[in-house]
Protein chains: 2
Amino acid sequence: MEKEAFRLDNQLCFRLYTASRLLTQAYHPLLSARGLTYPQYLVLLVLWEKDAQPVNDIAKRLVLETNTVTPLLKRMEADGIVTRTKGTDDARQMIVTLTRKGKQLQKELHDVPATVGRAVLCDSVTPETVPDLFRMLDGMIEQLKSE
Amino acid sequence: MEKEAFRLDNQLCFRLYTASRLLTQAYHPLLSARGLTYPQYLVLLVLWEKDAQPVNDIAKRLVLETNTVTPLLKRMEADGIVTRTKGTDDARQMIVTLTRKGKQLQKELHDVPATVGRAVLCDSVTPETVPDLFRMLDGMIEQLKSE
DNA sequence: GTTATTTGTATCGTTCACGATGCAAATATA
DNA sequence: TATATTTGCATCGTGAACGATACAAATAAC
């Protein structure tokens, strides 16, 4: 009887799940002040890098399904952050484009990355160890994506 | 113009969020075969360690709010996995107890931890590096909990 | 050129998360 | 002992996630 494998403190997934939720919560006051949720902020990160992308490209970049992203984008459209227009070359595509308000948000959220970055620093997570953390998480993600 | 800070590839939170979702997805086929969701599995991990706990203790252990855990437990009760009974010493408490079926599930899910454990192994996540990963995630979690 | 398959989005239903709020039991204070 | 505060749990509303399914446009196969 190896109960050890079932101990909560031995679960990688529970740690990831908790760390992810808590870090998302750290974004909350900064984002909700501008009427944004965290997944909406992720969409903005994608569009700030490259504007006017089809739903599919945004979903793939965020490793989400389109049935998750579609309603999210519709809420962002209702809030005047993006527009959704039918593609011209492929009529099935919906091209998502930033509005002026959507672009403006990048300036208003200027200090969010640094603020959140400071909030996670501790003895075991430092500017020196973050690259290791990134490498392990990236390895896991690639591994799990390929299954 | 500090665009670098906004790049998706530089975000720790996005990595955690993605890794957490993908790892949860890895549990899905194993758990849904027994009619369980991942958060329900976490509740079982808590109760298998110590049966008959009030809602509050379970929520605290999982770093969740009671308003998340309550409906989850009611679904588990409806599925015959746990029972919910009023506390005798404190009438406000709801004591959650495993049913025979709930205890039996531990045997049926015997190989879940090992199966999922194998699924995450890759070049950068190995039995040697996992302790480092645990330490960093635990550090982050403690740091974020204390804010 | 038809038919079949694939692709890009969207709709629907279920289950989390969680902020806001409500309420009753327990505890502290006056 | 009254009153006030705290505590434990629940209800409600909103926004993800995601499996299942639907549907039309694009592409492939015949």
Side-chain angles (χ1 to χ4, degrees), chain A residues 13-14 17-29 31-33 35-43 53-79 81-82 84-96 144, chain B residues 13-14 16-29 31-33 35-43 53-79 81-82 84-96:
Chain A
C13 192
F14 175 60
Y17 166 76
T18 303
S20 171
R21 282 189 309 101
L22 291 177
L23 190 44
T24 298
Q25 284 174 29
Y27 279 92
H28 189 263
L31 298 180
S32 67
L36 290 172
T37 65
Y38 177 71
Q40 291 175 5
Y41 175 68
L42 291 181
V43 169
Q53 295 192 53
V55 172
N56 215 10
D57 290 13
I58 296 171
K60 280 205 165 59
R61 189 79 209 283
L62 297 179
V63 200
L64 289 169
E65 302 299 320
T66 60
N67 57 1
T68 298
V69 174
T70 291
L72 200 155
L73 290 171
K74 291 174 97 169
R75 280 186 287 268
M76 293 177 77
E77 184 182 39
D79 292 343
I81 301 171
V82 299
R84 296 160 65 249
T85 53
K86 280 225 167 196
T88 49
D89 51 335
D90 189 332
R92 292 170 303 180
Q93 292 185 331
M94 279 297 258
I95 308 297
V96 182
L144 291 167
Chain B
C13 192
F14 175 59
L16 288 170
Y17 166 77
T18 303
S20 171
R21 282 190 309 101
L22 291 177
L23 190 44
T24 299
Q25 285 175 28
Y27 279 92
H28 189 262
L31 298 180
S32 66
L36 291 172
T37 64
Y38 177 71
Q40 289 175 7
Y41 174 69
L42 291 181
V43 169
Q53 295 192 53
V55 172
N56 216 10
D57 290 13
I58 296 172
K60 280 206 165 58
R61 189 78 210 283
L62 297 178
V63 200
L64 289 168
E65 302 298 321
T66 60
N67 57 1
T68 297
V69 174
T70 291
L72 200 155
L73 290 171
K74 291 175 96 168
R75 281 186 286 270
M76 294 178 77
E77 184 182 39
D79 293 342
I81 301 171
V82 299
R84 297 160 63 250
T85 53
K86 279 222 167 199
T88 49
D89 51 334
D90 188 334
R92 292 170 302 179
Q93 291 186 333
M94 278 297 259
I95 308 297
V96 182

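Small disclaimer: the values here were computed from a predicted structure and weren't measured.
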Inset, instruction - For A:Val82 and A:Leu73, work out which heavy atoms get closest and say how close. - result: CG2-O, 3.9 Å

Inset, instruction - Taking all heavy atoms of A:Leu144 and all of B:Leu23, pick out the closest pair and write down the distance. - result: CD1-N, 3.7 Å

So does [Y] get a backbone contact from the side chain of [X], meaning a donor-acceptor N/O pair under 3.5 Å?
X	Y	answer
B:Ser32	B:His28	yes
B:Arg21	A:Val63	yes
B:Asp79	B:Ile81	no

Inset, instruction - Take the angle between the ring planes of A:Tyr17 and B:Tyr38 and call it parallel below 30°, perpendicular above 60°, tilted in between. - result: perpendicular

Gap between atoms [atom1] and [atom2], on [X] and [N] respectively (whole Å):
X	N	atom1	atom2	answer
B:Arg21	D:dC18	CZ	C1'	10 Å
B:Leu22	D:dC18	CG	P	8 Å
B:Asp89	C:dT27	CG	C1'	14 Å
A:Lys60	D:dA17	NZ	P	18 Å
A:Tyr38	C:dG19	OH	P	16 Å
B:Phe14	D:dA17	CZ	P	11 Å
B:Asp79	C:dT15	CG	C1'	12 Å
B:Gln53	D:dG8	CD	C1'	15 Å

Give a yes/no on whether any side-chain N or O of [X] is located under 4.0 angstrom from OP1 or OP2 of [N].
X	N	answer
B:Lys74	D:dA10	no
B:Arg75	C:dC16	yes
B:Thr37	C:dC16	yes
A:Gln25	C:dC18	yes
B:Tyr17	D:dA16	no
B:Thr70	D:dA10	yes

Legend entry - Check: B:Arg92 side chain, D:dT7 base, donor-acceptor under 3.5 Å: yes

Inset, instruction - Go through the N and O atoms of the side chain of A:Asn67 and the base of D:dG19, and report whether any donor-acceptor pair is under 3.5 Å. - result: yes

Inset, instruction - Report the nucleotide, chosen from D:dC18, C:dT9, C:dG8, that has the shortest atom-to-atom distance to any side-chain atom of A:Val55. - result: C:dT9

Inset, instruction - State which of D:dG8, C:dA10, D:dA17 makes the closest approach to the side chain of A:Leu64. - result: D:dA17

Legend entry - Residue met sooner reading DNA chain C from 5', once A:Asn56 and B:Ala91 are mapped to nucleotides: A:Asn56

Legend entry - Closest-nucleotide 5' rank along DNA chain C - winner of A:His28 and B:Gln40: B:Gln40

Inset, instruction - Report the residue (B:Gln93 or A:Glu65) whose heavy-atom-nearest nucleotide on DNA chain D is the more 5′ of the two. - result: B:Gln93

Inset, instruction - Starting from the 5' end of DNA chain D, give me the residue, A:Thr88 or B:Leu73, whose nearest nucleotide shows up first. - result: B:Leu73

Inset, instruction - Quick one: label A:Pro71 by what it contacts on the DNA or RNA (base, sugar-phosphate, nothing), any heavy atom closer than 4.0 Å. - result: nothing

